Amino acid sequence: MRILIVEDEQALALLISDRLKKERYTVDISNDGEEGLYNALSGIYDLIILDIMLPRVDGIEILKELRKEDHDVKVIMLTAKAELDDRLLGFANGANDYVPKPFHIDELIARVNAQLNISRAVDETLKYGDLVLNYPSSEIGSDISGESIGVNNKEFQLLEFLMKNPDRILSREIIYDRIWGMESDASSNNLEAYMSFVRKKLKLIGSNVSIKTVRNMGYKLVKEE
């Protein structure tokens, strides 16, 4: 899942980003409101952590624009303002949650997980067909063969996205934006390379799940009957 942090305190933004990445989220950072608004409206994020006090465009204006454009992305407001009126203003404009500074990083992570309906203690695996994606061990396994193999971070994110959208054609652009997003060092060959890596690992564990290439359209995760 992909998260955008819109926060002008760079050290704090990096602290939050590093912690979220340990939770296997893909994270992007915008350090001012203008850039934050542009990225927020891209539609590629599952959740946005949004400061209210930002240069150029404030967080409330970003939130208003998101809801005006009918974006239903989850938004957690993050701000030094703790007055009731400010909280009510955020909720009135479509905020999903509100965390005043200073805060404990574990509390913020818990609120992020709650908004995304994630409970690692209860739901530690994702399944499709015989394929099992294991969050704690970073492995994929087959319920049929009993075999399992480790996957790296990008392979994990790619499989998670495909498994949450089974039997659906996903364009290269959608997948690329979802997994790599604003990463400037990502090349156009990355997606094809990781598809190849994941396909080989699916074969190694003997899974009946495979990734099909749909010509001129994209990719689709399917299971053999």
Side-chain angles (χ1 to χ4, degrees), residues 1-17 19-21 23-103 105 107-118 157 160-162 164-165 168-184 186 217-218:
M1 290 187 170
R2 195 170 202 95
I3 294 175
L4 174 65
I5 301 170
V6 188
E7 168 61 65
D8 61 328
E9 295 182 45
Q10 295 188 24
L12 178 59
L14 288 171
L15 175 66
I16 298 170
S17 175
R19 184 68 171 79
L20 287 169
K21 287 177 180 178
E23 297 289 316
R24 291 205 168 278
Y25 292 111
T26 301
V27 185
D28 297 316
I29 297 174
S30 295
N31 291 129
D32 68 67
E34 189 173 82
E35 181 187 89
L37 176 60
Y38 176 81
N39 291 324
L41 292 173
S42 68
I44 67 172
Y45 296 102
D46 299 288
L47 182 140
I48 299 172
I49 296 173
L50 180 62
D51 193 13
I52 286 184
M53 301 298 290
L54 293 165
R56 298 185 180 178
V57 181
D58 68 45
I60 294 297
E61 288 304 312
I62 293 174
L63 182 60
K64 287 179 178 178
E65 285 298 314
L66 278 169
R67 299 317 185 207
K68 179 181 177 182
E69 297 295 325
D70 291 327
H71 286 272
D72 60 357
V73 59
K74 301 289 187 180
V75 176
I76 297 177
M77 304 302 294
L78 188 67
T79 178
K81 291 188 174 183
E83 290 82 3
L84 178 60
D85 287 347
D86 295 308
R87 295 199 300 272
L88 293 177
L89 182 61
F91 287 129
N93 285 283
N96 298 96
D97 201 354
Y98 191 104
V99 181
K101 302 174 185 176
F103 57 86
I105 190 67
E107 179 188 358
L108 178 60
I109 298 303
R111 288 175 181 267
V112 167
N113 289 341
Q115 287 299 325
L116 295 174
N117 296 316
I118 292 173
Q157 292 172 22
E160 181 183 42
F161 187 43
L162 290 169
K164 287 183 175 180
N165 295 276
R168 174 187 169 191
I169 299 174
L170 300 171
S171 71
R172 290 172 175 81
E173 292 76 15
I174 288 175
I175 298 173
Y176 193 82
D177 284 346
R178 185 73 172 197
I179 306 302
W180 282 274
M182 296 186 294
E183 294 181 18
S184 59
M217 296 183 70

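Start at 1 with the first residue, then count along the sequence. Note that the structure is a prediction, hence the values are computed from the model and not measured.
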Applying side chain to side chain contact (heavy atoms under 4.5 Å, CB included) between Tyr45 and each of Ile3, Val75, Leu66, Asp28, report the one that passes.
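Testing each of Ile3, Val75, Leu66, Asp28 against Tyr45, the sole residue satisfying side chain to side chain contact (heavy atoms under 4.5 Å, CB included) is Asp28.
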Hey, could you give me the [atom1]/[atom2] distance between [X] and [Y], rounded to the nearest 0.5 Å?
{"X": "Lys68", "Y": "His71", "atom1": "NZ", "atom2": "NE2", "value": "12.0 Å"}
{"X": "Leu108", "Y": "Arg19", "atom1": "CG", "atom2": "CZ", "value": "9.5 Å"}
{"X": "Met1", "Y": "Leu20", "atom1": "CE", "atom2": "CG", "value": "13.0 Å"}
{"X": "Ile49", "Y": "Ile5", "atom1": "CD1", "atom2": "CD1", "value": "5.0 Å"}
{"X": "Leu50", "Y": "Glu7", "atom1": "CG", "atom2": "CD", "value": "9.5 Å"}
{"X": "Met77", "Y": "Asn93", "atom1": "CE", "atom2": "CG", "value": "8.5 Å"}

Taking the side chain from Glu9 and the backbone from Ala11, do they hold a donor-acceptor pair closer than 3.5 Å?
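Side chain of Glu9 to backbone of Ala11, a donor-acceptor pair under 3.5 Å: no, none is there.
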Nearest heavy-atom neighbours spanning [X] and [Y]:
{"X": "Ala13", "Y": "Asn31", "result": "CB-ND2, 4.3 Å"}
{"X": "Asn96", "Y": "Gln115", "result": "CB-OE1, 3.3 Å"}
{"X": "Thr79", "Y": "Tyr98", "result": "CG2-OH, 3.0 Å"}
{"X": "Leu78", "Y": "Phe103", "result": "CD1-CE2, 3.3 Å"}
{"X": "Leu4", "Y": "Ala40", "result": "CD2-N, 3.7 Å"}
{"X": "Glu65", "Y": "Leu41", "result": "O-CD2, 4.1 Å"}

Quick one: list whatever passes side-chain contact (heavy atoms from CB on, under 4.5 Å) with Lys21, sequence neighbours left out.
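Partners of Lys21 under the side-chain contact (heavy atoms from CB on, under 4.5 Å) test: Ser17, Val27.
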Contacts table for residues 51-60: side-chain donor-acceptor under 3.5 angstrom, sequence neighbours left out:
residue	atom	partner	partner atom	Å
Arg56	NH1	Glu34	OE1	3.3
Asp58	OD1	Ile60	N	3.0
Asp58	OD1	Glu61	N	2.8

Run the side chain to side chain contact (heavy atoms under 4.5 Å, CB included) check on Glu23 and Val112 step by step: do they pass?
CA-CA 10 Å; Glu23 297 289 316; Val112 167; over 6 Å; no
Pairing residues for Glu107 by the side chain to side chain donor-acceptor pair (under 3.5 Å) criterion, not counting sequence neighbours
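Testing Glu107 for side chain to side chain donor-acceptor pair (under 3.5 Å), a comparison that skips the adjacent residues, returns Arg111.
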Within a strict 4.5 Å, meaning less than it, do heavy atoms of the Phe161 and Leu170 side chains meet?
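They are in side-chain contact.
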Within 6.0 Å of OH in Tyr38, more than 12 heavy atoms from elsewhere:
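No, OH of Tyr38 has 12 or fewer neighbouring heavy atoms, counting only those of other groups under 6.0 Å.
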